[in-house]
Asks: 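Shown below is the structure under consideration.
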Amino acid sequence: EAGVTQFPSHSVIEKGQTVTLRCDPISGHDNLYWYRRVMGKEIKFLLHFVKESKQDESGMPNNRFLAERTGGTYSTLKVQPAELEDSGVYFCASSQVVSGTDTQYFGPGTRLTVL
Amino acid sequence: QKEVEQNSGPLSVPEGAIASLNCTYSDRGSQSFFWYRQYSGKSPELIMSIYSNGDKEDGRFTAQLNKASQYVSLLIRDSQPSDSATYLCAVKLDGGYNKLIFGAGTRLAVHP
């Protein structure tokens, strides 16, 4: 079974540009999460989809970030316009509740560098 | 005060020894606790989850949870150089919140 995949693995853009990150969850997983780790800090939650609906977007830093999950399959996270402080590693995770437990499986991350 | 605190390390142990990793959390509403292992440049990989007070063993790994003291620990017996990685403690709150709250991680170095 394929794991969570993310594209691209690395992205280098200039301040003010737009970047779109993609996450493909494990097939059949209704829950999809975005997290971010900035340099030297802990991994922080951004938002949570259940199928195509945003369940919790309390971690989204500001309105420059837009996440979508059309059709309840893959998800995109767009940053527009990008700022220097957006640099970091963006992780996607997916899960399916089984017997009341919810194990989140993480993708390899997208390393975003804003110059 | 951070929500989940871990000593950043590095924690250096000799091969074959027991590595003890600790984590404290601030929210008494925390209900689920996880240990992830992350090799440099790789994705976090779940190695243990624990939901009730006490010990939970899985192979060389033992997770310990004490909700009264708000700490969770991970013991790695017979440590191997391949265990060298960053270990992330994560908690999930009660109340329908699925998000994980992570500590900054402890770097473990197992030397031959």
Side-chain angles (χ1 to χ4, degrees), chain A residues 2-7 9-10 21 23-26 29-51 53-60 67 88-111 113, chain B residues 1-10 21-27 29-52 56 58 61 63 65 72 85-107:
Chain A
V4 178
T5 58
Q6 293 187 245
F7 182 84
S9 57
H10 293 83
L21 314 180
C23 167
D24 286 77
I26 293 171
H29 280 194
D30 289 338
N31 295 293
L32 187 149
Y33 306 83
W34 284 99
Y35 292 86
R36 175 174 74 170
R37 184 170 199 164
V38 297
M39 183 70 73
K41 302 284 188 181
E42 63 273 19
I43 296 173
K44 287 207 165 183
F45 168 81
L46 296 177
L47 89 159
H48 168 210
F49 284 100
V50 177
K51 297 185 180 179
S53 299
K54 292 177 184 175
Q55 182 77 7
D56 180 359
E57 50 186 327
S58 61
M60 295 289 263
V89 181
Y90 289 76
F91 290 103
C92 175
S94 73
S95 73
Q96 187 70 339
V97 177
V98 176
S99 301
T101 62
D102 169 50
T103 298
Q104 296 184 26
Y105 297 91
F106 281 75
T110 293
R111 181 173 295 277
T113 302
Chain B
Q1 182 190 8
K2 289 186 178 180
E3 292 179 272
V4 178
E5 296 218 43
Q6 297 181 254
N7 188 321
S8 62
L21 304 162
N22 299 311
C23 170
T24 59
Y25 59 94
S26 60
D27 195 321
S30 302
Q31 289 295 318
S32 307
F33 306 85
F34 306 87
W35 283 99
Y36 283 82
R37 178 178 62 198
Q38 187 178 24
Y39 295 111
S40 181
K42 302 296 184 182
S43 58
E45 173 194 10
L46 181 70
I47 52 173
M48 288 288 285
S49 59
I50 187 166
Y51 304 96
S52 55
K56 179 181 178 183
D58 184 1
F61 300 98
L65 174 61
V72 56
T86 296
Y87 289 80
L88 304 170
C89 174
V91 306
K92 189 187 294 184
L93 301 179
D94 193 11
Y97 300 100
N98 281 28
K99 65 182 179 184
L100 295 175
I101 302 170
F102 281 91
T106 298
R107 193 154 53 91

Asks: Mind checking what makes salt bridge (charged side-chain N to carboxylate O under 4.0 Å, His left out) contact with B:Lys92, not counting sequence neighbours?
Replies: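 Only A:Asp102 meet the salt bridge (charged side-chain N to carboxylate O under 4.0 Å, His left out) criterion with B:Lys92.
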Asks: Below 4.5 Å from any heavy atom of chain B, which atoms of A:Ser58 appear? Answer side chain, backbone, both or neither.
Replies: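 Just its side chain gets close to chain B.
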Asks: Is the shortest side-chain heavy-atom distance between B:Leu100 and A:Gln104 below 4.5 Å?
Replies: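 Result yes, sub-4.5 Å side-chain heavy-atom pair found.
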Asks: Name the region of B:Gln38, side chain, backbone, both or neither, that has any atom closer than 4.5 Å to a heavy atom of chain A.
Replies: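 The answer is the side chain of B:Gln38.
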Asks: Is it the case that more than 12 heavy atoms not belonging to A:Lys44 sit under 6.0 Å from its NZ atom?
Replies: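 Open: at most 12 neighbouring heavy atoms sit under 6.0 Å from NZ of A:Lys44.
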Asks: Considering only heavy atoms, which portion of B:Ile101 lies under 4.5 Å from any heavy atom of chain A: side chain, backbone, both, or neither?
Replies: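 Neither part.
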Asks: For A:Arg111, is it the side chain, the backbone, both or neither that has a heavy atom under 4.5 Å from a heavy atom of chain B?
Replies: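 Answer is neither: A:Arg111 stays 4.5 Å or more from chain B.
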Asks: Report the distance from atom OH of B:Tyr36 to atom CZ of A:Phe106, rounding to the nearest 0.5 Å.
Replies: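 Reported to 0.5 Å precision, the distance equals 5.0 Å.
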Asks: Please determine whether the number of non-hydrogen atoms from other residues, nucleotides or ligands lying under 6.0 Å from atom CZ of A:Phe45 exceeds 12.
Replies: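 Yes, enclosed.
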Asks: Within the 4.5 Å heavy-atom criterion, are A:Ile43 and B:Pro44 side-chain neighbours or not?
Replies: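 In contact.
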Asks: Do B:Lys99 and A:Asp56 touch side chain to side chain, with heavy atoms closer than 4.5 Å?
Replies: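 In short, these two side chains touch, coming nearer than 4.5 Å.
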Asks: State whether the number of non-hydrogen atoms from other residues, nucleotides or ligands found under 6.0 Å of B:Phe61 atom CZ is greater than 12.
Replies: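 Buried by this count: over 12 neighbours within 6.0 Å.
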Asks: So with a 6.0 Å cut-off around NZ of B:Lys42, is the heavy-atom count from everything else above 12?
Replies: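 Counting neighbours around NZ of B:Lys42, 12 or fewer heavy atoms of other residues, nucleotides or ligands fall under 6.0 Å, so no.
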